[in-house]
Amino acid sequence: MAKQLIMPPDDLAARLDYMRKVRMWNADALETRKVYVQTFGCQQNEADSEKYLGMAVDMGYEPTDTPDNADLIIVNTCAIREHAEKKALSIIGQYKHVKAKNKDLIIGVCGCMVAQEHRREELKMKYPYVTFTLGTASLHHLPRVLWEAIESKKRLITADSTEDFTETVAEGMPVRRGSDYRAWVSIMYGCNNFCSYCIVPYVRGRERSRDKADIITEVRKLVSEGYKDITLLGQNVNSYGKGTDTDFADLLAEIDTIEGDFWLRFMTSHPKDASHKLIDVMANGKHIAHQFHLPLQSGSDPVLKAMNRHYDMERYMDSVRYMREKMPDVTITSDIIVGFPGETEEQFEETLKALADVRFDMLYSFIYSPRKGTPAAEKEQVPDVVKGNRFDRLLAAQNEIALSKNQPLVGATLRVLCDGVSKGDESVYSGRTEGNKIVFFKGTSDMIGNFVNVEINKAEAFALWGDIQK
Ligand code: SAH
Ligand code: SF4
Ligand code: F3S
């Protein structure tokens with residue numbers, strides 16, 4: 001395991017100094033400067049954006065919910081599929097007009113997309129109004145880069161340093177959370193798995209874990225502040241602490257001893273090392289939600305091999321069986337990719353069979369998108385029409401399964417964490433169950449952010465409906 005730097009104190013001092021400089025510069029402004037942060041991608045990016053916003057607020061910016069009146073725009077990008085990159089680039093393109101109205105506007109493009117050299121080049125050449133880029137591993141350099149941009153009025157389009165990309169775990173950053181009852185807590189960064197289709201290891205760097213004590217302190221604080229749904233984040237949480245004398249199951253068990261009324265979740269777990277030990281900790285836990293997101297990707301062993309996933313269907317089914325044995329109420333969800341290079345009709349049908357065998361509560365399905373620099377992108381591709389057809393068949397199969405998983409819940413009373421008014425009807429509220437299923441019910445505003453009991457009276461594939469029980 002690489003040597004791990006937990007933010008050397010010199011860096012921390014320098015960072016605080018840059019923050020102070022920007023804060024003083026902002027204090028001199030006639031009008032309070034505003035920051036707008038836009039996030040694409042996964043929960044990891046959401047968690048990073050909360051740090052970007054936290055740092056910006058600490059440096060004297062006021063959050064705004066529109067880019068039009070912002071003085072600092074941060075676009076936190078995703079590179080997982082081509083669509084995600086296109087969306088980000090199109091939004092960045094629109095900021096040209098905002099910049100035209102405010103020449104002092106600073107635009108930073110951060111996150112996974114800009115960790116790729118060809119995207120940085122593209123931003124440099126075609127998006128001259130973008131001020132700076134920061135890769136995922138450079139997040140903690142925002143104060144310095146911002147100050148340099150302010151002082152020099154130059155563009156700073158740079159890559160992550162090798163040290164940041166492979167070793168640094170930055171601690172002590174201010175966080176501005178998007179919710180006061182649901183929270184993300186990153187426990188590790190990066191990924192070493194190199195699944196053959198995936199860009200993440202190239203854009204998020206090598207696996208590095210946070211110190212256990214730091215994580216526990218953060219969760220303890222969240223619980224004392226009233227947070228009720230806490231998700232531990234990592235690209236492969238099972239890699240937590242690799243090379244040390246602790247592991248993810250131990251971490252989870254220790255966090256579970258924290259007193260309070262909260263759900264504890266984690267994502268994502270890789271099937272190759274989702275252990276019985278981890279499942280036992282979940283089953284015996286007090287706070288750990290009986291919900292497991294275990295991305296299968298494909299139901300065909302040769303495709304799993306070509307994907308470099310290091311497990312087969314037998315191994316996967318063993319985890320599923322053990323989970324259901326220890327936690328009969330467990331909700332199991334997954335990710336599937338259709339149209340991986342070389343996937344045959346028979347191999348796709350094996351995925352349909354896997355769906356029927358496992359019976360997932362929910363599925364996130366994706367059409368394979370070639371990612372530059374990954375091995376699978378070089379292989380012969382499945383035609384788009386075939387991909388589309390398989391995608392539709394997968395969705396249809398899963399809809400039936402999801403409905404049949406939800407229907408038996410009619411008549412049950414479930415504990416639901418209320419999120420707020422649903423879109424479209426002001427008297428209907430929505431929330432999430434321990435298994436992360438969406439529930440709609442007639443509610444009142446005092447329920448937001450609190451647990452309520454809902455008796456389910458209707459079930460569809462994607463949601464449940466019910467009445468509040470006192
Ligand atoms: N670290 C997590 C997943 C991260 S990406 C894990 O290993 O499970 C989330 C999902 O995006 C993946 O599970 C996969 O299903 C999908 N995905 C990743 N790369 C993709 C690609 N090139 N095309 C389509 N889907 C992809
Ligand atoms: Fe990508 Fe595989 Fe790492 Fe998940 S485990 S982030 S799919 S390389
Ligand atoms: Fe996207 Fe990066 Fe997450 S590529 S899915 S934002 S790790």
Side-chain angles (χ1 to χ4, degrees), residues 38-49 52 75-88 109-116 119 134-137 139 160 184 186-207 232-240 242 266-274 292-299 303-304 306-311 316 319 333-341 343 351 360 362-379 381-382 384 387-388 390-391 394:
Q38 179 151 35
T39 313
F40 296 93
C42 63
Q43 288 84 354
Q44 191 68 65
N45 253 19
E46 303 252 352
D48 288 350
S49 285
Y52 279 123
V75 189
N76 199 5
T77 60
C78 170
I80 202 79
R81 284 168 288 275
E82 193 186 6
H83 180 68
E85 294 194 301
K86 286 234 168 102
K87 229 165 53 188
V109 182
C110 308
C112 295
M113 187 179 81
V114 301
Q116 305 167 99
R119 291 301 184 194
L134 274 181
T136 55
L139 183 131
D160 289 314
W184 313 117
S186 296
I187 61 163
M188 47 109 42
Y189 305 100
C191 180
N192 289 356
N193 285 319
F194 290 94
C195 300
S196 62
Y197 50 82
C198 185
I199 196 71
V200 172
Y202 305 86
V203 295
R204 284 220 170 244
R206 297 293 61 78
E207 283 173 357
L232 308 178
L233 293 178
Q235 290 305 336
N236 176 12
V237 289
N238 296 310
S239 289
Y240 176 79
K242 234 176 215 174
F266 56 88
M267 69 183 306
T268 299
S269 194
H270 195 300
K272 78 174 155 59
D273 33 32
F292 212 110
H293 183 62
L294 197 60
L296 173 63
Q297 312 300 1
S298 166
V303 175
L304 288 172
M307 286 176 163
N308 197 29
R309 291 288 286 180
H310 295 284
Y311 56 84
Y316 191 90
S319 296
T333 61
S334 200
D335 294 348
I336 295 279
I337 297 176
V338 300
F340 180 79
E343 182 190 65
T351 298
F360 295 111
M362 229 180 319
L363 195 64
Y364 301 87
S365 336
F366 307 104
I367 292 179
Y368 170 73
S369 168
R371 305 285 65 213
K372 197 180 163 81
T374 62
E378 308 299 320
K379 300 272 159 56
Q381 303 294 312
V382 172
D384 284 350
K387 284 187 193 173
R390 288 182 190 166
F391 185 75
L394 191 78

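As the structure lists them, so they are numbered: ligands from 1, and atoms in each ligand from 1. Every value quoted in this text rests on a predicted model; they were computed, and no experiment measured them.
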With a cutoff of 4.0 Å, is Ile337 in contact with ligand 1, counting heavy atoms of the residue only?
yes
Under 4.0 angstrom from ligand 1, any heavy atom of Ile80?
yes
Would you say the side chain of [Y] lies within less than 4.5 Å of the side chain of [X], judging by non-hydrogen atoms?
X	Y	answer
Arg309	Pro295	yes
Asp335	Leu296	no
Tyr52	Leu139	yes
Ile337	Tyr368	yes

Going by chain and residue number, what protein N/O/S atoms come nearer than 2.8 Å to atom 3 (Fe) of ligand 2?
Cys191 SG
Full working for ring-ring contact (aromatic ring centres under 6.0 Å, His included) between Tyr364 and His293:
CA-CA 10 Å; Tyr364 301 87; His293 183 62; 5.7 Å; yes
Of Cys42, Ala79, Gly41, which has the heavy atom at the shortest distance from atom 4 (S) of ligand 3?
Ala79
Closest heavy-atom approach to atom 4 (C) of ligand 1 among Met307, Gln235, Arg371 is made by Gln235
With side-chain hydrogen bond (donor to acceptor under 3.5 Å, both in side chains) as the test, would you mind laying out the steps for Thr39 and Asn76 before giving the verdict?
CA-CA 5 Å; Thr39 313; Asn76 199 5; 5.1 Å; no
Any chance you could lay out the side chain to side chain contact (heavy atoms under 4.5 Å, CB included) test for Leu232 and Trp184, step after step, and finish with the verdict?
CA-CA 6 Å; Leu232 308 178; Trp184 313 117; over 6 Å; no
Within a distance under 4.0 Å of any heavy atom of Arg309, pick out the atoms of ligand 2 and give their elements.
2 (Fe), 7 (S)
Could you tell me whether Phe366 and Phe391 have their ring centroids closer than 6.0 angstrom?
no
When you look at Lys272 and Asn193, which way does the side-chain hydrogen bond (donor to acceptor under 3.5 Å, both in side chains) test go after all the steps?
CA-CA 10 Å; Lys272 78 174 155 59; Asn193 285 319; 3.1 Å; yes
Under-4.0 Å heavy-atom contact with ligand 3, by part of Cys78 that carries it
both
Ring-face cation contact, Tyr189 with Arg204, 6.0 Å cut, 45° max:
no
Just distances here: any N/O of [X] and N/O of ligand 1 closer than 3.5 Å?
X	value
Arg81	yes
Ser369	yes
Tyr197	yes

What is the ring orientation for His270 with Tyr311, classed by angle as parallel under 30°, tilted 30 to 60°, or perpendicular over 60°?
perpendicular
Residue and atom name of the nearest protein heavy atom (relative to [atom]), distance in Å to one decimal:
atom	value
atom 7 (S) of ligand 2	Tyr197 OH, 3.4 Å
atom 2 (Fe) of ligand 3	Cys112 SG, 2.2 Å
atom 8 (O) of ligand 1	Pro295 CG, 3.0 Å

How far apart are the closest heavy atoms of Cys112 and Cys78, and which atoms are they?
CB-CA, 4.3 Å
With heavy-atom distances below 4.0 Å as the criterion, list the atoms of ligand 1 near [X].
X	answer
Thr268	2 (C), 6 (C), 8 (O)
Asp335	9 (C), 10 (C), 12 (C), 13 (O), 15 (O)
Gln297	12 (C), 13 (O), 14 (C), 15 (O)

Check each heavy atom of [X] against ligand 1 and say whether those closer than 4.0 Å belong to the side chain, the backbone, both or neither.
X	result
Arg309	side chain
Phe366	side chain
Ile367	backbone

Are any of the heavy atoms in Arg204 under 4.0 Å away from ligand 2?
no
Apply the test side-chain hydrogen bond (donor to acceptor under 3.5 Å, both in side chains) to residues Glu207 and Tyr240: give CA-CA distance (whole Å), side-chain angles for both, the deciding distance (0.1 Å), then the verdict.
CA-CA 8 Å; Glu207 283 173 357; Tyr240 176 79; over 6 Å; no
Does ligand 3 have an atom that lies less than 4.0 angstrom from a heavy atom of Arg204?
yes
Could you tell me if any non-hydrogen atom of Gln235 lies under 4.0 Å from any atom of ligand 3?
yes
Should the heavy atoms of other residues, nucleotides or ligands under 6.0 Å from NZ of Lys379 be counted, would the total exceed 12?
no
Carboxylate-amine/guanidinium proximity below 4.0 Å for Glu85 and Arg371:
yes
Would you mind checking if Arg390 and Glu343 are paired as a salt bridge, meaning a charged N to carboxylate O distance below 4.0 Å?
yes
